[in-house]
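Order of the sequence lines sets the chain letters (A, B, ...), proteins ahead of strands, with each chain counted from 1. These figures come from a predicted structure and were not determined experimentally. Basis for what follows: all heavy atoms, side chains included, without hydrogens, waters or symmetry-related copies.
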2 protein chains.
Amino acid sequence: MTYSIAQAAERSGLSIDTLRYYERIGLVDPPARDSGGRRTYSDDDLGWLIFLTRLRTTGMPIRMMREYAQLRHRGAATAGRRKQMLFEHRASVRERIAELQSCLDVLDYKIAHYEQIEHTFVEGITA
Amino acid sequence: MTYSIAQAAERSGLSIDTLRYYERIGLVDPPARDSGGRRTYSDDDLGWLIFLTRLRTTGMPIRMMREYAQLRHRGAATAGRRKQMLFEHRASVRERIAELQSCLDVLDYKIAHYEQIEHTFVEGITA
DNA sequence: GTAGGAGCTGGAGTGCACTCCAGGTCAACC
DNA sequence: GGTTGACCTGGAGTGCACTCCAGCTCCTAC
């Protein structure tokens, strides 16, 4: 199965411009071209694109994604290094989640505070 | 208790430049000045700065923080609107956490995959 | 055979959130 | 009274990750 750039964009959630941009900066290998010179993405290409969106979503900078992509390009010999990268990245994502969770507590507290104010106000009215 | 800009920076985790920047764009009220024209931050100022860092950490754009700051400036009458903002923001933070969590699953899967490769490799050696 | 739409390239532009800088003031210490 | 260090202002510069554009080509459908 192959996909036009528009289809690859739709399925990966990246924009067409971003797909070309990622290719230009070496984040994705140049996909095959059809007889008219248009990009045709394979299922493998798409899998990689989708994986990249996960890394992006979790805040990995492009510079690091590129490093990962380059290791991947060098084959099985770099598997350990890649695993190490993902391992460290996973730790940072976990930290990030913990950080967000602790900010959630602050938001909960603030919202509760506003609710208390509302409640006091209503009591003031009805008392 | 009052704080110099350097102390406010240290305690809020923002840089000195960022403190002045936030003031310039209306995210924080201009703090008092000492006889020499230097900023002196109050405990209240500091509390607001720290709250802003929570909003920032959770990904609230400056434009929205400014909106919140403006409502806050208009006093108790806007409490409902502010609560609403925090309420919506909290929902988006929760979504963000869920998103990260689901990406974590992908990372776990990938890492497990690399571990399996390593394992296979070791077996290949020792067999 | 032509009109329309998708895709192509190289390069410029954008939005966000800072960050840095030059040139100056001010208070304190030696 | 001179030097040092913290702070001041207005404005320019930075890094990141796209996003947009002009001008072109190439297939498809009428």
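C:dT19 atom P lies 13 Å from atom CD1 of B:Ile25, rounded to whole Å. Nucleotide D:dC18 holds its C1' atom 12 Å from the CE atom of A:Met65, rounded to whole Å. For the pair A:Leu19 CG and C:dA6 C1', the computed distance is 14 Å after rounding to whole Å. Rounding to whole angstrom units, CZ of residue B:Arg24 and C1' of C:dT19 are separated by 10 Å. Atom P of nucleotide D:dA17 and atom CG of A:Leu55 are separated by 12 Å, given to the nearest angstrom. The distance from atom OH of A:Tyr21 to atom P of D:dG15 is 14 Å, rounded to the nearest whole Å.
When distances are taken from the side chain of A:Ile5 to each of D:dC7, C:dC8, C:dT19, the shortest belongs to C:dC8. Checking C:dC8, D:dT9, D:dG11 against the side-chain heavy atoms of A:Arg20 singles out C:dC8 as nearest. Relative to the side chain of B:Arg63, the nucleotides D:dC8, C:dC16, D:dC18 differ in distance, and C:dC16 lies closest. The side chain of A:Asp17 lies closest to D:dC20, out of D:dC20, C:dA17, C:dC20. In the set D:dC7, C:dC18, D:dC18, D:dC7 carries the atom at the smallest distance from any side-chain atom of B:Ile16.
Here the options are A:Val93, A:Thr57, A:Leu55, A:Ile97, the test is side chain to side chain contact (heavy atoms under 4.5 Å, CB included), and the partner is B:Cys103; only A:Thr57 passes.
Among all heavy-atom pairs drawn from B:Leu27 and B:Arg66, the shortest one is CD2-N, 3.5 Å. Considering all non-hydrogen atoms of both residues, A:Arg56 and A:Gly13 come closest at NH2-O, 4.3 Å.
Note on B:Ser4: every side-chain N or O is 4.0 Å or more away from OP1 and OP2 of D:dA6. Within the 4.0 Å cut-off from OP1 or OP2 of C:dA17, not a single side-chain nitrogen or oxygen of B:Tyr22 is found.
Aromatic ring orientation, A:Trp48 versus A:Phe51: tilted (interplanar angle from 30° to 60°).
DNA chain D lies under 4.0 Å from at least one heavy atom of each of the following residues of residues 29-53 of chain B: B:Arg33, B:Gly37, B:Arg38, B:Arg39.
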Which is it for B:Phe87 and A:Leu107 under the side-chain contact (heavy atoms from CB on, under 4.5 Å) test, yes or no, and what are the steps along the way? CA-CA 8 Å; B:Phe87 199 81; A:Leu107 286 176; over 6 Å; no

Please walk me through it: do A:Glu99 and A:Arg96 pass salt bridge (Lys or Arg N to Asp or Glu O under 4.0 Å)? CA-CA 5 Å; A:Glu99 188 180 47; A:Arg96 177 81 181 123; 2.9 Å; yes

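Other residues, nucleotides and ligands place no more than 12 heavy atoms under 6.0 Å from the CZ atom of A:Arg81.
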